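See structure below.
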Amino acid sequence: MAGSGNRGRPRDAEVDRRILNAARDLLLSKGYAALSIDEVAERAGSAKTTLYRRWPTKDHLILSVIAQMQGDVSIPDSGDLRADLRYYLKAVAGGLDGMRKAGRGEDADDRSAGLVGELAGVAARHRDLGELVRSVFERRNAVAIGLLTSTTERGALRADVDPVVLLDQLIGPIYYRVLVTGAPIDTDYIEALIDGALLGAEPRV
């Protein structure tokens, strides 16, 4: 995700790749606050002006890196909804935990939201980036919503269940723990989320 309004020569994809990879390595090793455009440019072998033509602020660059890190979380459609949701939620939680620990090492035991909190701040500071953040999550959520919709069509969920609301019930608590309480997101917690969400969504026998 680069800044809008770029003109002139077509973008060089290889330059973009080098810059984003350099920024990603520095972000993971040093964290948000310590990342500098100067160091990214030096590591990528590019001029600072090259970075600023693509990403007008440090926030814009970091959002592009985070979008690259998160990517699209896949979700199987095996016919076993609970197993598929377990796989998906673990993938989401694992990605968020990696962002939370960025720059602090694997042994970090504090409850800081880390890059997840920074992402929320970026979205609040820049209207254009807020829209881009939402588009990233909309693409990711569409995959899970598609699974819930197809499961409903097969009769494994009640016909009146709103897949968007059901996904909110599954995903929302994970972000709450990352952003607010800092409590762990382990397998037992994920199982409890699935049990609670599906309790009122599965057909009554």
Side-chain angles (χ1 to χ4, degrees), residues 1-6 11 13 16-17 19-20 23-24 27-28 32 54-78 81-100 102 113-154 156-180 185 189-190 193-194 196-198 200-201:
M1 297 176 184
S4 60
N6 293 321
R11 290 273 292 272
D16 285 4
R17 185 191 65 79
I19 293 171
L20 289 172
R24 180 182 184 276
L27 189 63
L28 291 176
Y32 179 91
R54 290 159 163 77
W55 300 279
T57 69
K58 174 177 168 178
D59 285 342
H60 286 77
L61 174 60
I62 288 179
L63 178 56
S64 290
V65 172
I66 291 174
Q68 184 187 62
M69 288 168 57
Q70 291 295 294
D72 296 323
V73 177
S74 63
I75 183 169
D77 190 356
S78 68
L81 179 60
R82 288 175 179 268
D84 295 342
L85 290 175
R86 188 182 305 117
Y87 175 92
Y88 179 73
L89 295 183
K90 283 184 176 180
V92 170
L96 291 173
D97 194 52
M99 289 174 62
R100 185 182 68 81
L115 285 179
V116 185
E118 293 290 354
L119 182 62
V122 165
R125 286 192 293 272
H126 304 283
R127 181 175 180 180
D128 61 329
L129 291 186
E131 293 172 354
L132 289 173
V133 168
R134 286 187 286 275
S135 72
V136 169
F137 286 101
E138 285 172 2
R139 289 196 302 272
R140 289 182 54 176
N141 290 348
V143 179
I145 291 170
L147 171 68
L148 295 173
T149 300
S150 64
T151 302
T152 300
E153 292 169 349
R154 292 196 296 266
L157 293 174
R158 294 198 339 258
D160 61 342
V161 168
D162 185 332
V164 175
V165 174
L166 182 56
L167 183 62
D168 287 347
Q169 292 174 321
L170 291 162
I171 294 291
I174 292 177
Y175 280 89
Y176 178 74
R177 286 204 164 192
V178 171
L179 287 167
V180 180
I185 305 168
Y189 182 66
I190 288 175
L193 290 180
I194 294 171
L198 294 187

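The figures that follow rest on heavy atoms only: side chains count, while hydrogens, waters and symmetry mates do not. It should be emphasised that the depicted structure is a prediction, and the values quoted were computed from it without experimental measurement.
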- Got L119 and I62 here, is their nearest side-chain heavy-atom distance under 4.5 Å? no
- Task: Taking the side chain as every heavy atom from C-beta outward, state whether R140 and V92 have any atom pair closer than 4.5 Å.
- Result: yes
- Report the distance from atom CG of L96 to atom CZ of R177, rounding to the nearest 0.5 Å. 13.5 Å
- L170 and A197: which non-hydrogen atoms are nearest, and at how many Å? CD2-CB, 3.6 Å
- Message: For the CD1 atom of I145 and the OG1 atom of T152, what is their distance to the nearest 0.5 Å?
- Response: 11.5 Å
- Interatomic spacing from CZ in R86 to CD1 in I75 - rounded to 0.5 Å: 12.0 Å
- If you take all heavy atoms of A113 and V178, which pair is closest and at what distance? CB-O, 3.3 Å
- Task: Mind checking the OH-CG spacing from Y189 to L89? Nearest 0.5 Å is all I need.
- Result: 10.0 Å
- Task: Over all heavy atoms of both residues, which pair between A123 and V133 is shortest? Give the atoms and the distance, please.
- Result: CB-CG2, 4.1 Å
- Heavy atoms only: give me the nearest L148-L157 pair and the separation to one decimal. O-CD1, 3.8 Å
- Query: How many angstroms lie between atom CD of E118 and atom CG of L27, to the nearest 0.5 angstrom?
  - Reply: 9.0 Å
- Would you find a donor on one side and an acceptor on the other, under 3.5 Å apart, between the side chain of D84 and the backbone of S78? yes
- Task: Under the side-chain contact (heavy atoms from CB on, under 4.5 Å) rule, what do L81 and I194 come out as? Steps first, then yes or no, please.
- Result: CA-CA 10 Å; L81 179 60; I194 294 171; over 6 Å; no
- Item | pair L193-I174: side-chain heavy atoms closer than 4.5 Å | yes
- Message: Can you confirm whether L63 sits close enough to V136 that some side-chain heavy atom of one is under 4.5 Å from a side-chain heavy atom of the other?
- Response: no
- Please tell me if the side chains of L61 and I19 come closer than 4.5 Å, counting only heavy atoms from C-beta onward. yes
- Query: Side chains of Y88 and I171: does their closest heavy-atom pair fall under 4.5 Å?
  - Reply: yes
- When rounded to the nearest 0.5 Å, the distance separating CD of E138 from CG of L132 is 10.5 Å
- Task: Looking only at non-hydrogen atoms, find the nearest pair between V161 and A201 and report the distance.
- Result: CG2-O, 3.6 Å
- Message: Contact between H60 and T57 at the side-chain level, heavy atoms closer than 4.5 Å - yes or no?
- Response: yes
